Amino acid sequence: MKGWCLLTFVSLFVAATSPVARASDSSSHVPLSNSRSPYVHIITLFDEEGRAINPSRGQTTPFSMEATCARCHDVSAISKGFHFNANHIDQEPGRPGEPWILNDIQTGTQIPVSYRGWEGTWRPADLGMSDNEFVRMFGRHLPGGGPGKPNPHVPGSAEGFNDVFEIDCMVCHTSPQGVYNFNDRRRFAEAGQFRSIIISGSGLGHAEYSEEDPRSADPLAMFDPALEDEEVDAIVKFIYNRQKVDTNDRVFFPITRAVSNDSCYQCHTSIQHEPDMTNHGWKHDKDVHILAGMQCVDCHSHGIDHRMVRGFEGESSNPFISSLSCQGCHYGVETDDGLQFAGRMGAPIPGHEGIPPIHFEVMSCTSCHSGPMPDDTTVFFQTSMAHSLGFAEFVRGNLATPKINAPIFIKGHDGKIAPHKIMWPAFWGWLSEGEIQPILPDDVKTQTGRVLTQRPRTRDKFEPLGDETILEALNHLQRRAPENSQAVYIAAGTIRTVQDDDLVVEFTDLVQPYVWAMAHDVRPAGMALGARGCQECHTADSPFLTGLSTPSGPIAGAVGATQSMLSLMGLNERLHHLWATAFMGRPTFKLFAIILLGLFLLGAFAVSLSILRMVGNRFQQ
Amino acid sequence: MAATGFLPLLLGGHPHGYSLLLHGGGAAVYMASLGLIVILWSGRQDLSLAMKLTLFILLWSGLVTAGTMVLAMTSLVATDGQRLLIAIHRWMSIPTAFAGILFCLMWLVQNRSKPIQEGVNP
């Protein structure tokens, strides 16, 4: 016991007298290095209770990432940051972004899920998912915290948890020289072994789990009725890699303050899917900002509170934050002291010569500069969060769900036209009184016997659901339907029901597609829409306005109505055609106007001379 | 021209859609007509001094109104320059419109008074 106390004291002393601590700003309660050079994190590990751990002496106490980092960083503030606050009750939802997608290949399910309550998404609780189920399903990409840490004030939030999923700082802040193992992360998340994520992610060793009945520690407790329903807790031991621990029981964390692009891409890769993905990288440039040497975090920045700047117009009234949007950086922000921040980070100030300013009032910058060039139809997109990009197991065919299409041009949150991604929810559900309650995939499988479970489970063997299978599954479900409920299958803007033993397919607006704005990859000016002239958009058959968006989903049969971009933007098709016709003669019109203006000018001089002469004569008289 | 140009602004928006199409389409006709009227009428000896001065204002404000828009349509100026030119276009169209209305009124008054003078006092 004395030894432990001594060690703890020594560790605390080391931490307190470390260079970071000595560099402490007297005005702050946390130490700061105040250098642009990253501080070398050779530090002592601490457990949840804030006690120092001595791995070199065989101690197997799990270290707490939050407690260890909290020695120098305000983890409490960090835990309210954008990546951790989705399930915080007091959190504003903000502009809709990419949702988590509950995807199940066998049942043809793709449901957008979000704790933020974005319109068109379901909250996990609305689907009957516990926090634990959510974290296990999506923990592969969750940075920890948020729903991973049960809230003692919310009844039932601890359900299913026998391990806590702390904020894992290293998932983002591992420097390019370090390694973060996402494959292990997904495996541990699915198993609910969240502490394993922390130790294996930071490369410090591995966790061992054993189960221990709390009553076995005290034989008398076996007869204690209060402990009768006590769940069996997991006992976790951390087996530290001794080679990673120095003689002072400190470990090295390869940390970078400015998160590298690769760390961001691990969760935020978004690529246009093509049949031949092996040549994808060669044929597609990266975002122009990345090519210019910038990092994601240069714009998507934040302070210690980790309230990430998302970078869209109107995000904040704070000029500094506003300056991290396209317009703010390239044009500047109007403040009480005039225009500020224009050209931040070397941003060129665009001329946009010859483009009528009306374009900038009704369209976002991304309309012309982001995503793939518009084509006659939308293309399939795959993202890390939706398609588990970055993991080697899956072969992701062109048909693989969830189906995400882009770009579609619609009015965004600020009323400006902007490119968006779109997905049509697909799920089995109960229709009752005009509302549909989705059924979770596992429940569907249970209730439909082998109809769906005999279907392929993985993306590489994906098969779209045929109407025969859907009919059979709906018949199974209907036999177990709650009172006054009808079993339905929703997909690609359609609803499938059974009426008189036949499958009926109808268009439906009971479930709307979920859309979210896309801003990347940004194309340079020379590759922007309109760089080759007005006719890129102002023609009768321009893909920007007449491109088609067809609902898609994990089905082989009929899908919802195809819409043109004009219709999605809410524009008048006849007017567009008239306008496009007018543009056919626009160059001639300009020439005519210039010639006319020249003649007008000559005539004006002649007339002016005559009038002035007349006025002069009058005055002389 | 004034209706299609000013009405959307007065309603809190900006010219777009059919009104802009009409405005743009009518602009060429308007410019040609105005130029022709000014050039032909400036030589008329029956116009009063006031009418000639109004015609002078109409001529030059109309020229600036049209010229700024034609210039804004070219690739010679960037966004800020275009915004400035469009602002000039809008502001100059006000004296142009007033001068046009004033000239029309004076012309009407002059033409109404002529037959009376000729009929009553031969």
Side-chain angles (χ1 to χ4, degrees), chain A residues 327 330-332 339 342 349-362 533-534 571-572 574-583 585-619 621, chain B residues 13-22 24-25 27-45 47-49 51-64 66-87:
Chain A
Q327 188 167 333
H330 285 279
Y331 279 114
L339 199 64
I349 297 172
H352 286 135
E353 289 86 357
I355 301 176
I358 181 80
H359 288 80
F360 313 118
E361 287 161 33
V362 299
C534 309
L571 299 179
N572 182 330
R574 189 176 295 171
L575 173 66
H576 160 66
H577 284 294
L578 202 60
W579 196 246
T581 309
F583 265 77
R586 190 176 165 88
T588 317
F589 175 78
K590 279 187 189 176
L591 189 67
F592 176 66
I594 290 167
I595 292 169
L596 210 60
L597 197 70
L599 290 173
F600 197 173
L601 197 64
L602 286 173
F605 276 114
V607 169
S608 301
L609 280 174
S610 128
I611 293 173
L612 289 172
R613 199 178 296 130
M614 184 181 166
V615 174
N617 289 342
R618 283 285 175 95
F619 276 112
Q621 285 169 15
Chain B
H14 37 65
H16 71 284
Y18 286 114
S19 65
L20 187 57
L21 210 57
L22 212 60
V29 181
Y30 173 81
M31 255 175 71
S33 309
L34 185 66
L36 211 63
I37 288 168
V38 168
I39 291 164
L40 292 178
W41 286 22
S42 59
R44 287 176 62 158
Q45 297 303 313
L47 296 183
S48 66
L49 179 63
M51 283 179 80
K52 287 247 175 187
L53 280 174
T54 313
L55 202 61
F56 180 81
I57 294 166
L58 179 63
L59 173 68
W60 282 101
S61 61
L63 194 66
V64 173
T68 46
M69 188 45 72
V70 170
L71 200 60
M73 284 165 66
T74 66
S75 303
L76 297 171
V77 280
T79 311
D80 287 344
Q82 288 191 44
R83 287 204 168 111
L84 179 68
L85 288 170
I86 291 168

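A, B, ... follow the sequence lines: proteins, then strands. Residue 1 opens every chain. Basis for what follows: all heavy atoms, side chains included, without hydrogens, waters or symmetry-related copies. Note that the coordinates shown come from a computational prediction; the quantities given were computed from them, not determined experimentally.
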Enquirer: Need one label for A/Leu601: side chain, backbone, both or neither, based on atoms under 4.5 Å from any heavy atom in chain B.
Expert: both

Enquirer: With a 4.5 Å cut-off on heavy-atom pairs, point out which of A/Leu596, A/Leu575, A/Val362 contacts chain B the most.
Expert: A/Leu575

Enquirer: Are the side chain of A/Lys590 and the backbone of B/Thr74 linked by a donor-acceptor contact shorter than 3.5 Å?
Expert: no

Enquirer: Would you say A/Pro350 and B/Thr79 make side-chain contact, with heavy atoms under 4.5 Å?
Expert: no

Enquirer: Could you tell me which portion of A/Ile358 (side chain, backbone, both or neither) has an atom closer than 4.5 angstrom to a non-hydrogen atom of chain B?
Expert: side chain

Enquirer: With rounding to the nearest 0.5 angstrom, report the CG to CG distance, B/Leu63 to A/Leu597.
Expert: 5.5 Å

Enquirer: Measuring heavy-atom distances to chain B, does A/Ala582 have an atom under 4.5 Å in its side chain, in its backbone, in both, or in neither?
Expert: side chain

Enquirer: Identify the two heavy atoms, one from B/Gln82 and one from A/His352, that lie closest to each other, and give their separation to 0.1 Å.
Expert: NE2-O, 3.5 Å

Enquirer: With sequence neighbours left out, write down each residue that passes ring pair (Phe, Tyr, Trp, His ring centres under 6.0 Å) with A/Phe592, or none if nothing qualifies.
Expert: none

Enquirer: Chain A: which of B/Gly24, B/Gly81, B/Ala78, B/Gly67 shares the most heavy-atom pairs with it under 4.5 Å?
Expert: B/Ala78

Enquirer: Assert yes or no for the condition that the ring centre distance of A/Trp579 to B/Tyr18 is strictly below 6.0 Å.
Expert: no

Enquirer: Check each atom of B/Leu71 against the heavy atoms of chain A and say whether the ones under 4.5 Å are side chain, backbone, both or neither.
Expert: neither

Enquirer: From A/Phe605 CZ over to B/Leu59 CG, what is the distance, rounded to the nearest 0.5 angstrom?
Expert: 10.0 Å

Enquirer: Under a 3.5 Å distance rule, please check whether B/Ser75 uses its side chain to pair with a backbone N or O of A/Gly354 as donor and acceptor.
Expert: no

Enquirer: Side chains of B/Val70 and A/Ile594: closer than 4.5 Å at any heavy-atom pair?
Expert: yes

Enquirer: With sequence neighbours left out, what residues match A/Phe589 under ring pair (Phe, Tyr, Trp, His ring centres under 6.0 Å)?
Expert: none

